[in-house]
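Below: the structure, in structure tokens.
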Amino acid sequence: QVQLVESGGGLVQAGGSLRLSCAASGRTFSSYAMGWFRQAPGKEREFVAAISWSGSSTYHADSVKGRFTISRDNAKNTVYLQMNNLKPEDTAVYSCAAKLSLRTVGPRTNFALSDNWGQGTQVTVSS
């Protein structure tokens, strides 16, 4: 089990940038694949990006490819989401998740409700 705490959300103008952080507790962080998700009001949770345990593989949703970049620093037990060229439609609560997995990440990587989730951080992009 790992506990996750997101931070870095806030209000930003369209075209701006923001970096989210997800700090994890425990000594087994490097055994977890990590993911970022977002949920806008009235909409279902949406996958944003995932990164493998070592950081050697990443996968980003089509909606954020070229704009968002997921990364991790296992020495700091932290995963990041660098968000550039933000758009109003990026407005959502962003949450991170941890999944025990040593596999590469891709379209079939799943994060279940039984996996570890953070509380989320609000990102608001104004037009």
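If you're wondering where the values come from, they're calculated on a predicted model, not measured in any experiment.
Atoms OH and CZ, from Y59 and R108 in turn, are 12.0 Å apart once rounded to the nearest 0.5 Å. In this structure, M83 CE and T69 OG1 are separated by 11.0 Å, a value rounded to the nearest 0.5 Å.
Not a single donor-acceptor pair under 3.5 Å links the side chain of W53 to the backbone N or O of A33. Looking only at distances, a side-chain donor or acceptor of D73 sits under 3.5 Å from a matching main-chain atom of A75.
Y94 and R38 share a side-chain donor-acceptor pair at under 3.5 Å. With no hydrogens or angles considered, a side-chain donor-acceptor pair links Q3 and S25 at under 3.5 Å. Counting only N and O atoms by type, the side chains of N84 and S17 include a donor and acceptor under 3.5 Å apart. Side-chain contact annotation: T104 with S57, donor-acceptor N/O pair under 3.5 Å absent. A donor-acceptor contact under 3.5 angstrom links the side chains of N74 and R72, judged on distance only.
In R45, the CZ atom is crowded: over 12 heavy atoms of neighbouring residues, nucleotides or ligands sit closer than 6.0 Å.
For V5 against Q119, the heavy-atom pair with the smallest separation is CA-OE1, 3.6 Å. Residues A98 and L4 come closest through the heavy atom pair N-CD1, 3.6 Å. The shortest heavy-atom contact between V64 and V48 is CG2-O, 3.5 Å. Closest of all the heavy-atom pairs between T121 and E6 is CG2-CB, 3.9 Å. The minimum heavy-atom distance between S95 and G120, with the atom names listed, is OG-CA, 3.5 Å. Nearest heavy-atom pair, S21 versus W36, reported as atom, atom and distance to 0.1 Å: O-CH2, 3.7 Å.
Ionic pairing of D90 and K87 is not present here: no N-O contact between side-chain nitrogen and carboxylate oxygen is shorter than 4.0 angstrom.
Using a 4.5 Å heavy-atom threshold, the side chains of I70 and H60 count as touching. Counting heavy atoms from C-beta on, the side chains of I51 and V79 come closer than 4.5 Å. You'll find the side chain of V123 stays beyond 4.5 Å of the side chain of T91, heavy atoms only. At least one side-chain heavy atom of F68 sits under 4.5 Å from a side-chain heavy atom of L81. Side-chain contact check for M34 versus F29: some heavy-atom pair is nearer than 4.5 Å. L86 places a side-chain heavy atom less than 4.5 Å from the side chain of L18.
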Next on the checklist: Is there a side chain to side chain contact (heavy atoms under 4.5 Å, CB included) between S71 and Y80? Walk through the geometry before answering.
Outcome noted: CA-CA 5 Å; S71 63; Y80 305 96; 3.6 Å; yes
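In summary, the aromatic rings of W117 and F37 are positioned with their centroids under 6.0 Å apart. Checked against a 6.0 Å centroid threshold, the rings of F111 and F47 do not count as neighbours.
Residues V2 and L100 are members of one and the same hydrophobic cluster, defined by side-chain heavy-atom contacts under 4.5 angstrom among Ile, Leu, Val, Met, Phe, Trp and Tyr.
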